[in-house]
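Each chain gets a letter, A, B and so on, in the order its sequence line appears, and its residues count up from 1.
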Amino acid sequence: MPEMHIRVRLFASYAEAAGADEMTVALPAGATAADCLAAVRAAPWAGRVPPAPALAVNRRYAKGDVVLRDGDEVAVIPPVAGG
Amino acid sequence: MPEMHIRVRLFASYAEAAGADEMTVALPAGATAADCLAAVRAAPWAGRVPPAPALAVNRRYAKGDVVLRDGDEVAVIPPVAGG
Amino acid sequence: MGAWLTDGAIDVAGLLAAVAADGNGGTVVFLGTVRRSAEDGDVEAIEYSAYREMAEPELERIVAEALAQWPGARIVLRHRLGVVPTGEASLVIAASAPHRADAYAASRFVIEETKRRAPIWKKERLASGRARWVEGRPAGGER
Amino acid sequence: MGAWLTDGAIDVAGLLAAVAADGNGGTVVFLGTVRRSAEDGDVEAIEYSAYREMAEPELERIVAEALAQWPGARIVLRHRLGVVPTGEASLVIAASAPHRADAYAASRFVIEETKRRAPIWKKERLASGRARWVEGRPAGGER
């Protein structure tokens, strides 16, 4: 099965916990944003990432069922506090 | 019957119609703001003053039944357009 | 002339500074500006006049009522009188509060009450040289 | 860095000038200010960070939605990033419209949507030297 490489962006307390503001996740073709999230949540630092955080795909909010393509950028969005 | 002298202030289109921004009205003791208004409306220029305009007595909105005292200041307030 | 009426341009930055407070995280500034638009014909300026001796305390009562309703708020306003050219502000209200919903509510209260109660009138000066009184609305006292 | 995010102090007068329009008689400016209050402990500054490449277009979408909802309105906003000391503005929204009710409504829409959707976070810097992330709220996309 062909593999996709997804760039995952991390922010705020998630980035702090991960010690990095991005990571690359390898996923099989046809994987969704939710699959990508599951891969992120499997990381040892990811205890604070909730089961259903807000997600963005290519810099726009997206549902977990969005199918990813190779090279997509996924962001796991911590609770926001702008303003 | 003792007489009171009431200073009546006129503004905007009323002052323009009257050709003056104040007038003095003589009223019997016990007269009300409504009595004062009736005297003002009897003036030849006062056709544009409606039967029940807003009134102020001593620089505060007041009902027509307020009893006046000698030296009081009554204002006939045209429709307002501040802001 | 007292605190709430002014014959010159309104200093917005000064009003902002006046409502700044450590605990107030939300500030709302309202500006009423003399506009020139098709529906207004060719208005070049508006001339504001007031029953000054009453307008000052009436505006002060309005602000006091707002402060009683939204404790912790800070509110200042300036209404300009005389000739105000199109594009310039005739009225500025600055309101700050600990939380933004209160700043919006207090600001809205003050502008609506000012429009309803302030004994102020305006005359439009047209490009043609003519002038006309703007039809206002019946003035009301405290509700 | 694009139009909606800035690393320096926000120029309120510049935003006011940007929304001036002949036909727009009502302008509402909202300022979100970093506050220092008892309930906030001894906050000396807030450090804002963002997913910049997404925050810019998301803020632009919010403003575009407001302009579609209130035709004739003009709206600009600036969100400051980096360290913002207490008493300074982190966010300013200026909205003008032909009538004031629309200016208030558009302003309120933009601040509420910004709080809900902008991918921006803040960390409080305390006088003690400690710092802590401010608990935010789950982010939402378009309704």
Worksheet, complete the sentence: Heavy atoms of B/I77 and C/A139 approach each other most closely as CG2-CB, 3.8 Å
Worksheet, complete the sentence: Heavy atoms of C/G136 and B/P79 approach each other most closely as C-CB, 3.4 Å
Discussion item. Donor-acceptor pair, distance only, cut-off 3.5 Å: does the side chain of C/W121 make one with the backbone of B/F11?
Written reply: no
Worksheet item: Has the side chain of B/Y61 got a donor or acceptor atom that lies under 3.5 Å from a matching backbone atom of C/R117?
Response: yes
Discussion item. Let's test your reading of the structure: which of C/K122, C/K123, C/K115, C/E53 forms the most heavy-atom pairs below 4.5 Å with chain B?
Written reply: C/E53
Worksheet entry | Interface moiety of C/Y51 toward chain B, non-hydrogen atoms closer than 4.5 Å | both
Practice prompt. Measure distances from C/A50 to the heavy atoms of chain B and classify the residue's part below 4.5 Å as side chain, backbone, both or neither.
Written response: backbone
Discussion item. I need the B/E73 CD to C/M54 CE distance, nearest 0.5 Å.
Written reply: 10.0 Å
Worksheet entry | Over 12 foreign heavy atoms within 6.0 Å of CZ, B/R48 | no
Discussion item. Please determine whether the number of non-hydrogen atoms from other residues, nucleotides or ligands lying under 6.0 Å from atom CZ of B/R69 exceeds 12.
Written reply: no
Discussion item. As an exercise: rank B/A52, B/A75, B/P53, B/S13 by heavy-atom pairs under 4.5 Å with chain C and give me the winner.
Written reply: B/S13
Item to complete: Return the option, out of B/A81, B/A56, B/P50, B/A62, with the maximum number of heavy-atom pairs under 4.5 Å with chain C.
Response: B/A81
